[in-house]
Amino acid sequence: MTDTPDASTQPTEVVITREMQASPDLVYALWLNAQAMMLWFGVDGITNTACKTDPRVGGTWRMDATGPNGAFHIGGTYLALEPGRRIVMSWVHVGADGVQGNETEAEIRFDPIPEGTRVTVRHSRIRFTPQSFQMGWEQSLGRMAAQALALVQEA
């Protein structure tokens, strides 16, 4: 008898696209700014408590938060940075119990469109709960779009 991998633990990816009424440079900057990330990053029902970014290739990022199951953090390393165009970052979730999830990778593209920017998140190497990543990115990008629009309207 041979071992058959469990389909639920096979790496998968989630792709989310969202159009924003702001320039690629502005949306890119919101992605790397710790204060801005505190406002848009995460899912409903969690509270971001601290964020640190070191936006350079090899630099790290980390978001501390609390949710129904206690305190946790998500963080990683910036693997590629192309201003106004693309970010690639590693991603690791460490739960309230200290258990670390598998390392995944998120590539974010910022493509100019007549109305502003099309943001595409391709989050890969997900082994568990891809639906959670899907929901998280949809909610996060919705908040980011509102934040970007507010900044454009203030200018």
Side-chain angles (χ1 to χ4, degrees), residues 11-96 101-126 128-155:
T12 189
E13 71 178 18
V14 168
V15 179
I16 302 291
T17 301
R18 178 78 183 228
E19 293 184 0
M20 301 191 189
Q21 295 179 339
S23 71
D25 289 335
L26 174 63
V27 179
Y28 178 89
L30 288 175
W31 205 281
L32 299 175
N33 180 285
Q35 290 178 329
M37 279 185 77
M38 290 283 292
L39 301 175
W40 65 260
F41 185 87
V43 296
D44 295 344
I46 69 151
T47 301
N48 294 328
T49 57
C51 182
K52 294 180 183 177
T53 62
D54 180 9
R56 60 184 174 83
V57 174
T60 60
W61 68 279
R62 177 178 165 139
M63 179 67 71
D64 295 336
T66 57
N69 298 322
F72 65 94
H73 69 268
I74 299 169
T77 302
Y78 294 109
L79 305 173
L81 295 169
E82 299 172 26
R85 297 188 35 158
R86 180 174 169 258
I87 297 170
V88 180
M89 54 203 268
S90 66
W91 175 286
V92 176
H93 176 276
V94 180
N102 74 291
E103 184 172 320
T104 62
E105 185 174 291
E107 176 186 26
I108 304 93
R109 298 193 60 81
F110 306 92
D111 296 311
I113 57 173
E115 301 81 22
T117 304
R118 179 177 298 112
V119 178
T120 303
V121 176
R122 181 177 304 275
H123 202 136
S124 59
R125 299 189 340 222
I126 299 169
F128 306 99
T129 65
Q131 66 278 8
S132 295
F133 285 84
Q134 177 95 21
M135 179 181 67
W137 283 121
E138 287 173 358
Q139 292 176 9
S140 292
L141 292 180
R143 281 191 292 279
M144 178 185 259
Q147 185 180 15
L149 181 58
L151 289 171
V152 168
Q153 290 174 339
E154 287 175 10

To the nearest 0.5 Å, atom OG1 of Thr120 lies from atom CD of Glu19 at 9.0 Å
Gly116 and Pro24 have their tightest heavy-atom pair at O-CD, 4.0 Å
Within the side chain of Trp61, is there an N or O that forms a donor-acceptor pair under 3.5 Å with the backbone of Ser90?
yes
Just by distance, do the side chain of Trp40 and the backbone of Leu30 share a donor-acceptor pair under 3.5 Å?
yes
With a 3.5 Å cut-off and sequence neighbours excluded, list the donor-acceptor pairs that the side chains of residues 68-83 form with protein atoms.
| unit_1 | atom_1 | unit_2 | atom_2 | d |
| --- | --- | --- | --- | --- |
| His73 | ND1 | Arg62 | NH2 | 3.2 |
| Glu82 | OE2 | Arg86 | NH1 | 2.8 |

Ignoring hydrogens and geometry, is there a side-chain-to-backbone donor-acceptor pair from Thr49 to Asp64 under 3.5 Å?
yes
Dump the intermediate steps for side chain to side chain contact (heavy atoms under 4.5 Å, CB included) on Arg125 and Trp91, then the final yes or no.
CA-CA 10 Å; Arg125 299 189 340 222; Trp91 175 286; over 6 Å; no
Euclidean distance, Leu26 CG relative to Met20 CE, rounded to 0.5 Å:
10.0 Å
Hey, could you give me the OG/CG distance between Ser140 and Leu39, rounded to the nearest 0.5 Å?
11.5 Å
So which atom in Thr117 and which in Ile113 form the shortest heavy-atom distance, rounded to 0.1 Å?
N-CG1, 3.6 Å
To check you understand the geometry: which heavy-atom pair defines the closest contact between Arg18 and Gly142, and what is its length?
NH1-CA, 3.4 Å
Lys/Arg N to Asp/Glu carboxylate O, Asp54 vs Arg56, below 4.0 Å
yes
Nearest 0.5 Å, what's the CD-CD distance between Gln139 and Gln134?
11.0 Å
Report the relative orientation of the aromatic rings in Trp137 and His123; use parallel for angles under 30°, tilted for 30 to 60°, perpendicular for over 60°.
tilted
How close do Ala65 and Asn48 get, heavy atom to heavy atom, and via which atoms?
CB-OD1, 3.7 Å
How many angstroms lie between atom CD of Glu138 and atom OG1 of Thr17, to the nearest 0.5 angstrom?
10.5 Å
If only atom types and distance count, is the side chain of Thr53 paired as donor or acceptor with the main-chain N or O of Leu32 below 3.5 Å?
yes
Around atom CD of Gln21, are there more than 12 heavy atoms from other residues, nucleotides or ligands closer than 6.0 Å?
no
Specify the closest pair of heavy atoms between Met38 and Ala50, including all atoms of both residues, with the distance to one decimal.
SD-C, 3.5 Å
Got a sec: does the CD of Glu115 have more than 12 other heavy atoms crowding it under 6.0 Å?
yes
To the nearest 0.5 Å, what is the distance between CD1 (Ile108) and CZ (Arg85)?
14.0 Å
Shortest non-hydrogen pair, Met37 vs Met63, comes out as O-CE, 3.6 Å
Chi angles and distances behind the side chain to side chain contact (heavy atoms under 4.5 Å, CB included) call for His93, Phe128:
CA-CA 11 Å; His93 176 276; Phe128 306 99; over 6 Å; no
